[in-house]
Amino acid sequence: MSEPTSQNKPNIPEVFLNPYNPADFEQKLYQMWEESGFFNPDVCIEKGIAKPDAETFSIVLPPPNVTGTLHMGHAAMLAIEDILVRYNRMSGKRTLWIPGTDSAALATQTKVEGIIYKEEKKRRDEIGREELLKRINDFAEASKDTILNQTRKMGSSLDWSRYAYTLDETRYRAVMTAFIKMYEDDLIYRGDRIVNWDPNMQTTVSDDEIEYEEKTDPFYYFKYGPFTIGTVRPETKFGDKYVVMHPDDIRYKDYTHGQQIEVEWINGPITATIIKDEAADPEMGTGVMTITPWHSAVDYEIAERHGLDKEQVIDERGLLLPIAGEFAGQHIKKARALIIEKMQAKGLIEKIDDKYVHNVATNSRGGGIIEPQIKRQWFIAVNKKFILKHSEIPGIPSGSEVTLKELMIATVENGGTDIFPERFKRVYFNWINNLRDWCISRQIWFGHRIPVWYRNQEIYCGISTPEGEGWTQDSDTLDTWFSSGLWTFSTLGWPEQTEDLKTYHPTAVLETGYDIIFFWVARMILMSTYNLGQVPFKNVYMHGLVRDEKGKKMSKSLGNVIDPLTMIEKYGADATRLSLIIGAAPGNDMPLSENKVKGYKNFGNKIWNISRFILTHTIDSDIDKTAVYSIRDEEIITQLSNTVADVSNEIEKFNLYLAGEKAYHYVWHELADIILEESKSILTGEDKEQRHARQQVLLKCLTTSLKMLHPFMPYVTEAIWQELPPKFKNSELLMVAKWPTA
RNA sequence: GUCCGGUUAGCUCAGCUGGUAGAGCGCUACAUUGACAUUGUAGAGGCCACAGGUUCAAGUCCUGUAUCGGACACCA
């Protein structure tokens, strides 16, 4: 008998003759997945991939800004979440990953206003609320596909049929329902309080949205009657009629609280009142200060403690008010020098320090320098008691009298929500303990408008305009984090009691960067525990920031930005994903270099070649024929299932970096370097039985490895899977193949 | 100021509940037209920041020091 010639021997698919080129496959594969419908758990149940009563696994995608573009931070987030989702889907769970976008109210409005001003030289007021909103909405609508398509490129197996947008109809109902409920529970109130005012954007900004910039300015020492006071901001000083010192400061023991003295000041003599308060630090300068309660949070608190007058000095646009006398109407920036000139002339300046370094508050969402102002705003009371009627939160029985702050603490303290890595729990508690009432109103137009109407002294809160004439709606909109806080359940259809809500809430895990633990994580816990009596998610997994190879923050000015889309184009999505996973311990910043991505592209090709080699030698194999395994064959099989068990275990513990590394190491340095090498002689040897057995072992190694690698490298593994002869696989799509178990 | 991390091979970092050190990249030598243009084998290189302590045993636990970084607060 002669050996079959290459003519009549079955051939391996031709695609394997060339190296794996991701660009040739990725788009087609994604389309195939999407069209299969398996991103949707309902379809998985329908087609028998998941049992109707299977455990659920749900994640909400932290919604990227609707006008944004994909950066490495997104890419890392998508890689991590998609690995969890694909693993759980293959494991037979009812797996749901919900996509969405965020209106990013302030940032988006700023952007569009900027464009309009540049092109038409028109400001917000000249355009009008309705027209501006239309333009912003059009802009958001037009740009949303950019980020969504870039999200697809990473291979994200999101259920697009459940796409949510923070401003769409369902989310609008959720926001209104939550607001009204909180209003009726007296947890939302309106008050005059000092807030962070952005004179550029003409809106308040929350404490968390502020960034401090270091600046060097002159520091002035002024004569204030018998005292010397210091300031960097002379332009706020016109109304300073209180002089504050520490009660124990012996230098000023002869002055008593409430004592009045006459002092010569910027625009003439004024009556000053002595205030003794511990907020004055005796170590600081002369230990004496004057206060400006309307424009400083600390001063405001002192004034509140002693019931002092508060006067506005600077208006909302940054112009001085009549209290400034001859300087009234001038912008603070220009007035400063003139005021100093006048003070100099009056001999009220003792000394000037030229190089005083201090922090200036700026609006991190694209606005300008923050000017504290007292304004009438809406707040959420975090320390006010109320009755939580229904509760599934550990340690909080239904009907408990609680505060929102207590709910936020209990959720994490009692393990209703677990945070990884552990150390962020402390960060979370620290923040909650310092939490003040949350200012939720914004003076911008893009966003959910506050559902409150006014008529004379009447006030009405409801979803639509009240009956009768003469009502006007509050012109403010809600902080974008108010609607984001509802995200885990508003995306599932709340306030309707939908099947989705019953099935998928609480969600399994929230995966996000540690930089938004306060903005978002804490607020979701607040909103979910309050509105549903449920924790929003059982686990929080914090990833670090993606940095360059030297650990520096990526920034345009440093020129060290690595663009995920460029990486996908050059090396493929699989390589990009792996480079963001391996070597990235949870919560630690991850260094990334183009070389690293390149290295993982090689790995993709390695898998490709392993497949080609195994297929070449097994394509003619009869898998139905019984195989007699040698001891070594058994050993290989055992090692394979141990590896899978190991990888599964690390994924369950959220140690994706270990899971990825172990899978990588097995495939390259065990399967390829050792098993394939030793198999060569067997495959070309004379012993037909031994050869047949080894063929079956290698096929098993191949299909199992492809499954094991799929969550990490979905494209190349699926591309290979599609080329396998049907007799070698038990599922048409690798994406829904059953996760191997020992 | 308060809190939290880090300090391990030339570089970037792993090392979970304590049992005399690991990966990737880089480097050196050799092999290789090969399943692999993207390969393999072998190798060099670390008193695990420092000083004490607990222990039969300490990168690993405790205390302190140095140093780098981060978050938050304050800044008249």
Side-chain angles (χ1 to χ4, degrees), chain A residues 12 16-21 207-208 210 212 214 219-222 224 227-234 236-237 240 243-245 279-281 283-292 296-299 302 356-361 421-431 433-435 514-515 517-518 544-545 547-553 571 575 578-579 582-585 587-593 595-596 598-617 649-650 653 655 657-658 661-662 664-665 668-669 672-674 676-677 679-680 683 698:
Chain A
I12 63 160
F16 285 113
L17 297 181
N18 291 315
Y20 176 67
N21 180 21
D207 291 347
D208 309 288
I210 287 181
Y212 290 91
E214 203 166 82
F219 189 87
Y220 307 97
Y221 291 93
F222 292 155
Y224 188 85
F227 307 109
T228 302
I229 59 141
T231 186
V232 261
R233 304 203 52 198
T236 64
K237 294 282 151 199
D240 286 15
V243 54
V244 185
M245 59 209 70
D281 181 357
E283 306 288 312
M284 197 84 170
T286 58
V288 177
M289 63 179 176
T290 60
I291 57 168
T292 315
S296 153
V298 177
D299 295 1
I302 295 171
Y356 177 72
V357 181
H358 65 135
N359 291 326
V360 176
E422 183 106 21
R423 74 183 125 98
F424 286 107
K425 280 185 195 169
R426 285 205 203 187
V427 180
Y428 174 82
F429 289 131
N430 267 341
W431 184 77
N433 288 330
N434 295 325
L435 185 63
Y514 64 72
D515 51 332
I517 180 167
F518 308 131
L545 272 33
R547 296 177 176 268
D548 77 0
E549 57 191 315
K550 295 194 189 89
K552 289 226 167 65
K553 215 169 183 167
Y571 309 111
L578 220 50
S579 67
I582 296 182
N588 285 6
D589 290 350
M590 36 192 147
L592 182 73
S593 64
N595 245 344
K596 191 174 177 188
K598 207 171 176 176
Y600 289 117
K601 187 194 176 190
N602 295 353
F603 181 51
N605 194 54
K606 189 78 185 177
I607 305 167
W608 187 252
N609 276 299
I610 290 169
S611 307
R612 165 171 156 186
F613 176 81
I614 294 180
L615 277 184
T616 308
H617 291 281
N649 185 32
E650 297 296 2
K653 289 194 294 188
N655 288 328
Y657 68 113
L658 292 177
E661 201 176 276
K662 284 177 179 175
Y664 171 91
H665 193 265
W668 197 318
H669 299 299
D673 288 351
I674 298 173
L676 292 196
E677 287 305 325
S679 298
K680 283 179 182 171
L683 292 169
L698 291 182

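Chain naming here is simple, since letters A, B, ... match the order of the sequence lines and numbering starts at 1 in each. These numbers come from a predicted model, not from an experiment.
Computed from coordinates, the A/Leu676 CG to B/U39 C1' distance equals 13 Å when rounded to whole Å. Between A/Tyr514 atom OH and B/C72 atom P there is a gap of 11 Å when expressed in whole angstrom units. Residue A/Trp431 contributes atom CH2, which lies 19 Å from atom P of B/C4 at whole-angstrom precision. Taking atom CE on A/Met590 and atom P on B/G70, their separation rounds to 18 Å, with Å as the unit. Across the protein-nucleic acid pair, A/Asn602 atom CG and B/A35 atom P stand 19 Å apart, rounded to whole Å. Atom-to-atom, OH of A/Tyr664 to P of B/C13 comes out at 19 Å; the value is rounded to the nearest Å. Atom NZ of A/Lys601 and atom C1' of B/U39 are 16 Å apart (whole Å).
Listed nucleotides: B/C16, B/U38, B/C4. Nearest to the side chain of A/Arg426: B/C4. The A/Asp673 side chain lies nearest to B/U41 when the options are B/A37, B/U41, B/C16.
Along RNA chain B, the nucleotide nearest to A/Gly604 and the one nearest to A/Ala584 differ in position, and the one closer to the 5' end is contacted by A/Ala584. Comparing A/Met289 and A/Glu677 along RNA chain B, the residue whose closest nucleotide (by nearest heavy atom) sits nearer the 5' end is A/Glu677.
Under the 4.5 Å side-chain criterion, counting only non-hydrogen atoms from C-beta, A/Met590 is not in contact with A/Tyr657. The side-chain heavy atoms of A/Trp608 and A/Asn18, taken from C-beta on, include no pair separated by under 4.5 Å. Annotation: side chain of A/Tyr571 is not in contact with side chain of A/Tyr600 (no heavy-atom distance under 4.5 Å). In this structure, the side chains of A/Phe613 and A/Lys680 come closer than 4.5 Å at one or more pairs of heavy atoms. Counting only heavy atoms from C-beta outward, the side chains of A/Leu698 and A/Leu676 approach each other to under 4.5 Å. Between A/Lys237 and A/Thr292 the shortest side-chain heavy-atom distance falls below 4.5 Å.
Between A/Tyr657 and the phosphate of B/U12, there is no side-chain N or O to OP1/OP2 separation shorter than 4.0 Å. For the OP1/OP2 pair of B/G40 and a distance below 4.0 Å, the side-chain nitrogens and oxygens of A/Trp668 include at least one atom meeting the criterion. At B/C25, none of the side-chain N or O atoms of A/Lys596 fall inside 4.0 Å of OP1 or OP2 (strictly under the cut-off). A sub-4.0 Å separation between OP1 or OP2 of B/G5 and a side-chain N or O of A/Arg423 is absent. Phosphate contact (OP1/OP2 of B/G24, side-chain N/O of A/His669, threshold under 4.0 Å): present.
Between B/A23 and B/C61, the two P atoms lie 23 Å apart (nearest whole Å). Going from the P atom of B/C62 to that of B/C16 covers 13 Å, rounded to whole Å. Atom P of B/A58 sits at a distance of 11 Å from the matching atom of B/G19, rounded to the whole Å. Comparing B/G46 with B/G15, their C1' atoms are spaced 14 Å from each other, to the whole Å. Distance noted for atom C1' between B/U7 and B/A14: 15 Å (whole Å). Distance check on atom P: B/G24 versus B/G43 gives 14 Å, rounded to whole Å. Nucleotides B/U12 and B/U65, compared at atom P, are 27 Å apart to the nearest Å. To the nearest whole angstrom, the two P atoms, one in B/G10 and one in B/C72, are 35 Å apart.
Residue A/Asp589 is out of contact with every strand shown, counting any heavy-atom pair closer than 4.0 Å. If you check every strand for non-hydrogen atoms under 4.0 Å, A/Asn605 touches a base. A/Val298 comes within 4.0 angstrom of the backbone, heavy atoms only, and of no base. A/Phe219 comes within contact range of the sugar-phosphate backbone alone, with a heavy-atom separation under 4.0 Å but no base atom that close. Base contact: A/Ala672 has a heavy atom under 4.0 Å from a base atom. Using a 4.0 Å heavy-atom criterion, one finds that A/Asn588 contacts the sugar-phosphate atoms exclusively. In this structure, A/Lys598 reaches neither bases nor backbone, as no heavy-atom distance under 4.0 Å exists between it and the strands shown. Among the heavy atoms of the strands, none lies under 4.0 Å from A/Phe603.
When each of A/Thr231, A/Asp240, A/Asp299 is paired with A/Thr290, the side chain to side chain donor-acceptor pair (under 3.5 Å) condition holds for A/Asp240 and for no other.
Between the A/Asp589 side chain and the A/Gly544 main chain, no donor and acceptor come within less than 3.5 Å of each other.
Base pairing annotation: B/G43 forms a Watson-Crick or G-U wobble pair with B/C27, both donor-acceptor distances under 3.5 Å. Across all strands shown, B/G22 pairs with B/C13; the Watson-Crick or G-U wobble distances both stay below 3.5 Å. The nucleotide B/G1 finds its pairing partner in B/C72, both defining distances of the Watson-Crick or G-U wobble pair being shorter than 3.5 Å. Look at B/A57: it lacks any Watson-Crick or wobble partner with both distances under 3.5 angstrom. Nucleotide B/U63: paired with B/A51 (Watson-Crick or G-U wobble, both distances less than 3.5 Å).
B/G59 takes the syn form, because its glycosidic angle lies no more than 90° either side of 0.
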